[in-house]
Amino acid sequence: MSDRNFYNRSIDLKRLFRQFKKRIWIVVAATVLGAIVGLVAYIAYSNIMNGNTVYRIRNDYYIYFDYEAFPNGPDFFNAFTWDGILRDDPVVNKAMEMAPGVTKQQILDSVTGEILGDYRILTVVVTGTDKELIQNISDAYKVALPAFADVLPQIASIDLWTDADMEVYDKYTREPNAAFLGGLIGLLVSLFAVLFYGIFDDGIYSERDWTMNYPDIPYLGKRDTDEYRANRSHLLKYDGNYIELSSDQLRYDLDEFDRMRAVDGVIILLRGGKDTVDKMDKVVYTLKKQDVNVVGVME
């Protein structure tokens with residue numbers, strides 16, 4: 001019978017591998033489901049956040065500094081400074097003059113500035129959901145920003161460098177990332193669940209599982225292997241008359257018990273991972289109670 005030390009043992013890599021192999025479909029399904037959930041949730045979120053279609057115009061302006069009068073002129077300007085200048089009254093007021101009907105708040109809500117590398121190239125970005133408004137503000141800045149060069153002595157001139165077309169812009173365009181993150185969460189959670197469940201799994205997966213619980217019944221190995229033939233030849237009568245019986249074949253039939261008692265013994269067929277300690281306890285206990293000679297187990 002089982003000595004009930006099933007959970008007090010060191011790690012058995014063979015057992016872990018067989019446990020994982022048995023439940024790998026759970027990990028795959030959870031990973032796919034997590035990716036789908038992440039993608040759907042992200043799409044729903046992006047639709048809520050975006051609402052209407054967002055449009056954008058990105059125009060680059062080239063800044064000519066007056067190095068003769070101000071050798072260190074560029075030191076006064078950076079991306080943060082230019083973003084503030086684009087929203088300051090001199091530029092905004094000039095833009096409103098060039099685009100009648102456009103309010104200051106509409107401009108402040110739409111315009112941002114960027115300097116991505118070269119400090120002489122300023123990118124003016126106009127973003128919004130009203131195509132006509134975005135175009136009007138962008139066109140107004142083509143006049144308002146060059147006019148601002150007359151206000152600052154450090155700057156000789158500001159010229160429009162690239163005149164871009166309007167484009168559809170969606171800042172929530174990370175569907176692959178969302179799917180990957182959802183899949184990764186599903187993978188990690190399912191792996192943890194499978195490993196955690198494995199701790200409490202009393203299935204018999206390996207020779208070590210069997211010998212730990214039934215040390216008095218020898219493990220013969222897998223059928224038709226050299227290990228099985230060697231163990232059977234050494235431990236049993238190789239040509240003996242044995243009945244092979246799996247746990248799901250056990251019936252409380254008196255004639256069957258008589259037949260098993262009449263032979264040299266019974267070899268239990270172990271179904272790795274399907275047979276549990278509790279189930280096998282019942283089989284072993286029943287056979288011994290019926291005076292059936294259990295001579296070994298094989299897979």
Side-chain angles (χ1 to χ4, degrees), residues 1-31 190-191 193-299:
M1 303 301 293
S2 169
D3 62 9
R4 298 304 179 188
N5 289 324
F6 195 76
Y7 303 111
N8 300 321
R9 61 184 183 185
S10 58
I11 296 176
D12 184 348
L13 294 180
K14 183 177 181 180
R15 172 183 171 81
L16 285 177
F17 174 75
R18 288 189 173 184
Q19 283 183 315
F20 182 76
K21 184 178 179 181
K22 179 182 178 181
R23 302 185 179 96
I24 190 173
W25 68 270
I26 298 176
V27 177
V28 174
T31 302
S190 60
L191 280 176
V194 167
L195 293 175
F196 186 76
Y197 180 78
I199 297 175
F200 300 96
D201 181 7
D202 69 341
I204 302 173
Y205 289 89
S206 65
E207 176 182 357
R208 187 176 176 185
D209 289 341
W210 180 267
T211 56
M212 180 172 289
N213 289 282
Y214 308 100
D216 57 328
I217 303 176
Y219 177 87
L220 303 177
K222 291 188 176 182
R223 186 205 299 263
D224 299 329
T225 62
D226 291 340
E227 178 189 15
Y228 172 75
R229 286 188 287 268
N231 286 332
R232 176 164 174 167
S233 177
H234 176 67
L235 299 173
L236 311 176
K237 298 177 183 178
Y238 190 80
D239 296 326
N241 183 18
Y242 301 106
I243 293 177
E244 297 176 354
L245 178 72
S246 65
S247 60
D248 59 340
Q249 293 175 326
L250 180 63
R251 301 289 184 271
Y252 289 89
D253 185 296
L254 297 180
D255 292 337
E256 279 297 303
F257 287 132
D258 288 338
R259 188 169 72 89
M260 286 187 280
R261 283 191 289 264
V263 299
D264 294 323
V266 169
I267 298 176
I268 297 176
L269 291 171
L270 175 64
R271 301 172 302 157
K274 294 182 179 179
D275 287 327
T276 63
V277 173
D278 288 340
K279 182 188 294 185
M280 198 55 68
D281 273 352
K282 183 176 182 180
V283 173
V284 174
Y285 175 75
T286 299
L287 293 176
K288 289 188 174 183
K289 186 168 63 174
Q290 291 293 328
D291 294 326
V292 174
N293 184 23
V294 181
V295 296
V297 63
M298 70 175 180
E299 292 188 71

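The figures here come from the full heavy-atom set of this structure, side chains too, leaving out hydrogens, waters and symmetry mates. Note that the structure is a prediction, hence the values are computed from the model and not measured.
Taking all atoms of both residues into account, the shortest heavy-atom contact from M260 to L245 is SD-CD2, 4.1 Å. Closest approach of V295 and D264 over heavy atoms only: CG1-O, 3.9 Å. Between V277 and Y214 the shortest heavy-atom distance is O-OH, 3.2 Å. Nearest approach of I267 to M298, heavy atoms of both residues: CG2-CG, 3.9 Å.
Within the structure, the salt bridge (Lys or Arg N to Asp or Glu O under 4.0 Å) test picks out the following pairs touching residues 242-251 (sequence neighbours left out): R223-E244, D248-R271.
Scanning for salt bridge (Lys or Arg N to Asp or Glu O under 4.0 Å) contacts around D226 gives R229, with sequence neighbours left out. In this structure, the side chain to side chain contact (heavy atoms under 4.5 Å, CB included) partners of D255, at least two apart in sequence or on a different chain, are D253, D258. Applying the side chain to side chain donor-acceptor pair (under 3.5 Å) test to N293 and every residue at least two apart in sequence or in another chain returns nothing. Annotation: side chain to side chain contact (heavy atoms under 4.5 Å, CB included) contacts of L191 (sequence neighbours excluded): F20, V27, L187. Under the rule for a salt bridge (Lys or Arg N to Asp or Glu O under 4.0 Å), the partners of R259 that lie at least two apart in sequence or sit in another chain are E256.
Taking CZ of R208 as the reference point, atom CG of N213 lies at 11.5 Å (rounded to 0.5 Å). How far CZ of F257 is from CG of L250: 5.5 Å, rounded to the nearest 0.5 Å. Between the CE atom in M280 and the CD1 atom in I217 there is a gap of 9.0 Å [rounded to 0.5 Å]. Taking OG of S190 as the start and CG of L195 as the end, the distance is 9.5 Å to the nearest 0.5 Å.
Within the 4.5 Å cutoff, no side-chain heavy atoms of Q290 are placed close to those of Y285.
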